[in-house]
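Encoded as structure tokens, the structure appears first; notes follow it.
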Amino acid sequence: MPFLLLYGVGGWTARWEIDSDEVEPVRSEILRVGGAGSSELSVLDPGSDTPAQLVVCWAAVAAAVLIDGDPTPQGVDGSGQYA
């Protein structure tokens with residue numbers, strides 16, 4: 001199960017599960033980190049596993065990571081956004 005991790009300019013972080021079919025489109029979009037413009041990414045809602053559209057303003061993102069596997073330590077509920 002692939003995940004997109006976003007790290008914001010202001011210190012925020014977010015984790016989103018993505019469908020395996022969306023890995024390549026997301027991979028090509030994260031090259032825009034720190035640049036102008038925005039993208040609409042297909043992600044899965046962490047509460048219901050329902051497909052959702054996430055709009056990302058790349059100027060507000062300091063780093064993005066695409067990983068295959070669950071980035072949350074065992075026993076920790078880490079869905080959605082962190083402060």
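Atoms considered below: every heavy atom in the structure, side chains included; atoms not considered: hydrogens, waters and symmetry mates.
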Output for pair (Asp19 CG, Leu44 CG), nearest 0.5 Å, gives 6.0 Å
CG-CD distance between Leu41 and Gln53, expressed to the nearest 0.5 angstrom: 8.0 Å
Where do Ala64 and Leu4 come nearest, in terms of heavy atoms and distance? CB-CD1, 4.5 Å
How far apart are the closest heavy atoms of Ser28 and Pro25, and which atoms are they? OG-O, 2.8 Å
Closest non-hydrogen atoms of Trp16 and Pro46, given as atom of the first, atom of the second and distance, are CZ3-CD, 3.8 Å
Leu5 side chain near Thr13 side chain, heavy-atom distance below 4.5 Å: no
Paired with Val56, the side chain to side chain contact (heavy atoms under 4.5 Å, CB included) test is passed by just one of Val26, Val61, Ile30, namely Val61
Which atom of Pro2 lies closest to which atom of Asp68, heavy atoms considered: N-OD1, 3.8 Å
Testing Glu22, Arg27, Glu24 one by one against Leu66 for a side chain to side chain contact (heavy atoms under 4.5 Å, CB included), which residue passes? Arg27
Return the set of residues passing side-chain hydrogen bond (donor to acceptor under 3.5 Å, both in side chains) with Glu17 (not counting sequence neighbours), or none when no residue passes. none
Testing the basics here: between Ala60 and Trp12, what is the closest heavy-atom pair and its distance to 0.1 Å? O-CZ2, 3.5 Å
Is there a side-chain contact between Phe3 and Val43 in this structure, where contact means two heavy atoms from C-beta onward sitting under 4.5 Å apart? no
Rounded distance (nearest 0.5 Å) linking atom CG of Leu54 with atom CG of Asp45: 11.0 Å
Search all heavy atoms of Ala63 against all heavy atoms of Val33 and return the closest pair with its distance. N-CG1, 3.8 Å
Hydrophobic cluster membership, with links at side-chain heavy-atom distances under 4.5 Å among I/L/V/M/F/W/Y: are Val9 and Leu6 in one? no
